[in-house]
Amino acid sequence: MPGAHVKTGSVVGRRKTSGIGPSRRIAEELRAQNERFAAAVENMSHGLCMFDADERMIICNRNYIDIFSLDAKVVKPGIRFLDILQHSVDIGIASQSASELYAIRKPYIDGARASTYEEILSDGRIIVISHRPIAVGGWVSIYEDVTEERRAEAELKEQYRRFDAALANMSQGLLMYSAEGRLIVRNQRFLDLCNAEASDFTLGMTHRQMLDKLIRLGIFAPLEIDIEVGKSKARLDAGQSHASYRELVDGRTLFVQRRPLAGGGWVATFEDVTERRRTEERMTHLAHHDTLTNLPNRSMFREKLDQALGEAKPLAILSLDLDRFKAVNDTFGHPAGDWLLQCVAKRLQHAVRSSKDVVARFGGDEFAVIQSGTKSAADAERLAKRIVEIVGKPYRDKGREMHVGVSLGIALYPGDGHDADTLLTNADMALYRGKSEGRNVYRFFEQGMDALMRERRALEADLEAALSRREFELDFQPILDIGSGKIVGAEALMRWRSRSRGLVSPENFIAVAEETGLIVQLGDWALRKACNVAANWPPDMRMAVNVSAAQIKSGGFARSVISALAFSGLPANRLELEITETVMMDESDAVLKTLSQLRGLGVRIALDDFGTGYSSLGYLRRFPVDKIKIDRSFIRDLDKRDTAAIVRTVIGLGAELGITVTAEGVETEAQLDTLRKAGCGEAQGFLIGVPAKASDIGGLLRSQALLRQSG
Ligand code: C2E
Ligand code: MG
Ligand code: MG
């Protein structure tokens, strides 16, 4: 009932208009007009209040009463303006005193001037008041509560401010396009990324124009604009977001993301990911390369191999292992070892011809090569030979010279396998075979090698168990002093009486024991046993014991010799240690120190298998030995002129240096005769005596001693 709230004052009389005639009609019309006016006032959305020239209220509507929370019983037509102000102060809605509020309005009332002002109520609401004078005197005021509107406005403003700040401070460049495809937002970061001016990319530009500009400014490389625009439009039309990398002309990389907007149009962000990409590339590089040599590592090698096998063209896998690298590390230290590995890596890269070939380092001194386009085994063989030659050349650094060799195993695709695993295993198998046969060699994979490999593993396992099962024995082979015709000693030779294998020759198990390290224990056992046996022999009998390089290098070898002597009571000068050149070849001083320590105690050192090695004479200079044992291969060929000459030279050299010379493998009287004539000191071989049990040799020696005493 809006009309009920309208307080009608003196504008409209309250006379009854019941008479007929013109006056009545006029009154009737007036009444109707009055009602329409009252209804309009009551229904308007603003508050309204009208005052007469005496500043008394004529009329107000409900909104007015409500806005100020006025008491309708107090604020009724006829009330003075100042009293309304006072009432509003009384009920606590005004935030100023009545006189202050009045003072603000008074000039306008008096000057009959229109004005608009805001009043902030005590509850924080904001009311906009429009003051309009009326021609006949008095005025009308319209009140509007704009609190909500202002709050929304302020919120929007804050939102804009935040948006602006966010845009300006974004690490990404941003472009926003309208539904019509025109640029509507572009932040500073975008310009910075492009090193461009605001005028280069003005609002309103289309995607096509933008691309064109980016190309013309030399930021983007030239591209097919139509295709590019078409593609991105198709994606946006389908509502798809899209992300891609864009390589800039200056080498930087931008990560560009495009997202369609709900109301049409789209937003594109640009991020400089140059550094991140480089880091990623570095990380992937690190994950796939060996840090020391920068060569691909095993995982990268596998990847490349799978890739190459995918092409189904013939290729070769070469598995490499350096020879004597450990000696370099031990002798010159790890930095030198690292340096050498880097050199080897370079030489290998040099050795492969095609850029399609892959050289990888698997770790330690293991390398591998994929040779692509290998038409025949001969191709792989040529590469293998080249590698052996190139890697085998000396390495010179800071006045030092280092030597390593390389052994290779080769597997061919498709002949030796169809997948990476098989090929790699087969190449390894061939390498393994090569290593066991000698160093600096290459070896092709052959069917049956895997069976050999299994056999070899089984042998290792058996050998390991044999020691605790006491399956080893020593035989002794007498050594003859040629001049006197007397036995002056014997050499201890190991035998393995295996439960499952029968009698195994040292040729077939010593090398394996050396590789597995078992030789250290085994050699120690032989040493003790031999010393114990010799302790029971006549006092002028020597005992020769074979010693492997691995034993001396293992550390504690001198102690083990001393302990064997001490426990057996054998004088040191009756023990002879037979070493081979490989021991001398070890460049580490520790080995030579151990030997001279033992020699200092009186233990004799014999150089075994003399002549089969590389440069025996050179080693004689490095370490003085007490005896040289000429290898039996020379004695076998003693009837050949050249061989006889070599043997005579060695014997002469021995005499010169004061070193006893023993000939090994003497099987015939003729050989012994030749040796005697050449002045050779001692002989050993089947002619003098085959390796026999301790008891047999003991008997022989004792009878000879008795013979000597009686003779
Ligand atoms: P080696 O030290 O040169 O020993 C001599 C080898 O020649 C022995 O072979 C011996 O039986 C053989 N032999 C002796 N006289 C003749 C002959 O007139 N004709 C022929 N054809 N051969 C003869 P064996 O016992 O098979 O030993 C082979 C190698 O195994 C030894 O060569 C030695 O290097 C190694 N070895 C043996 N026992 C031990 C050991 O206890 N420790 C180490 N580390 N190596 C050992
Ligand atoms: Mg020997
Ligand atoms: Mg020998």
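Note that the coordinates shown come from a computational prediction; the quantities given were computed from them, not determined experimentally. Atoms within each ligand, like the ligands themselves, are counted from 1 in listed order.
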Check whether the side chains of Ser548 and Glu514 place a donor and an acceptor atom closer than 3.5 Å, and report yes or no.
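Yes, side-chain donor-acceptor contact under 3.5 Å.
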Considering non-hydrogen atoms of the protein only, which is the closest contact for [atom], and what is the distance?
atom                    : result
atom 13 (N) of ligand 1 : Phe686 CE2, 3.8 Å
atom 21 (N) of ligand 1 : Glu667 OE2, 3.3 Å
atom 41 (O) of ligand 1 : Met494 CE, 3.0 Å
atom 26 (O) of ligand 1 : Pro506 CG, 3.4 Å
atom 7 (O) of ligand 1  : Arg632 NH1, 2.6 Å
atom 39 (C) of ligand 1 : Asn546 CB, 3.7 Å
atom 44 (N) of ligand 1 : Ser548 OG, 2.9 Å
atom 28 (C) of ligand 1 : Glu507 OE1, 3.7 Å

Can you name the one residue among Asp357, Leu408, Val352, Thr374 that meets side chain to side chain contact (heavy atoms under 4.5 Å, CB included) with Leu318?
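Considering Asp357, Leu408, Val352, Thr374, a side chain to side chain contact (heavy atoms under 4.5 Å, CB included) with Leu318 is found only for Leu408.
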Could you point out which residue of Gln684, Arg542, Glu576 forms a side chain to side chain contact (heavy atoms under 4.5 Å, CB included) with Glu491?
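Single pass found, and it is Gln684.
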Gap between atom [atom2] of [Y] and atom [atom1] of [X] - 0.5 Å precision:
X      : Y      : atom1 : atom2 : answer
Leu305 : Arg298 : CG    : CZ    : 12.0 Å
Arg469 : Asp462 : CZ    : CG    : 7.0 Å
Asp321 : Glu366 : CG    : CD    : 5.5 Å
Thr662 : Leu480 : OG1   : CG    : 10.0 Å

If you measure from the Lys or Arg side-chain nitrogens to the Asp or Glu carboxylate oxygens, is any gap between [X] and [Y] under 4.0 Å?
X      : Y      : value
Arg433 : Glu446 : no
Arg456 : Glu460 : yes
Arg361 : Asp290 : yes

Per-atom contacts, ligand 1 versus [X] - under 4.0 Å to a heavy atom:
X      : result
Gln477 : 14 (C), 15 (N)
Glu578 : 2 (O)
Leu493 : 4 (O), 8 (C), 10 (C), 11 (O), 25 (O), 37 (C), 38 (N)
Glu664 : 3 (O)

Non-hydrogen atoms of Glu514 versus ligand 1: any pair closer than 4.0 Å?
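No, Glu514 has no heavy atom closer than 4.0 Å to ligand 1.
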Can you find a non-hydrogen atom of Pro691 under 4.0 Å from ligand 1?
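In this structure, Pro691 qualifies as a contact of ligand 1 - some heavy atom is under 4.0 Å.
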Ligand 1 and Gln684, any nitrogen or oxygen pair closer than 3.5 angstrom?
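In this structure, Gln684 places no N or O atom under 3.5 Å from an N or O of ligand 1.
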Under 4.0 Å, heavy atoms only, figure out whether ligand 1 is touched by the backbone of [X], its side chain, both or neither.
X      : answer
Asp608 : side chain
Lys629 : neither
Leu522 : neither

Suppose you place the vertex at the Mg ion (ligand 2); what is the angle out to Asn546 OD1 and Glu578 OE1, to 10°?
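Computed angle, vertex at the Mg ion (ligand 2), rounded to 10 degrees: 90°.
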Among the N/O/S atoms of Glu664, which is closest to the Mg ion (ligand 3)? Give the atom name.
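The Mg ion (ligand 3) is closest to the Glu664 atom OE2, counting only N, O or S.
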Strictly inside 4.0 angstrom of atom 30 (O) of ligand 1, do you find any protein heavy atom?
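There is a protein heavy atom less than 4.0 Å from atom 30 (O) of ligand 1.
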Could you name the option among Thr668, Ile688, Asp609 that has the heavy atom nearest to atom 3 (O) of ligand 1?
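Closest candidate by heavy-atom distance is Asp609.
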Shortest-distance N/O/S atom, Glu491 versus the Mg ion (ligand 2):
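It is OE2, the N, O or S atom of Glu491 closest to the Mg ion (ligand 2).
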Think Arg457 forms a cation-pi with Tyr432, using NZ or CZ under 6.0 Å from the six-ring centre and within 45 degrees of its axis?
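Yes.
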Glu455, CD: over 12 other non-hydrogen atoms inside 6.0 angstrom:
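More than 12 within 6.0 Å, yes.
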Within a 6.0 Å radius of atom NZ on Lys326, are there more than 12 heavy atoms belonging to other residues, nucleotides or ligands?
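Check fails, neighbour count at 12 or below.
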Just do the side chain to side chain donor-acceptor pair (under 3.5 Å) check on Ser407 and Arg443 with the steps written out, would you?
CA-CA 8 Å; Ser407 299; Arg443 192 76 149 81; over 6 Å; no
Within Asp608, is some N, O or S atom less than 2.8 Å away from the Mg ion (ligand 3)?
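Checking the Mg ion (ligand 3) against Asp608, an N, O or S atom does fall under 2.8 Å.
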Is the distance from the Mg ion (ligand 2) to the nearest N/O/S atom of Asp609 under 2.8 Å?
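Looking at Asp609, which is the residue asked about, there is no N, O or S atom under 2.8 Å from the Mg ion (ligand 2).
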Between Phe472 and Phe509, how do the two ring planes meet: parallel, tilted or perpendicular, split at 30° and 60°?
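Correct class here is tilted.
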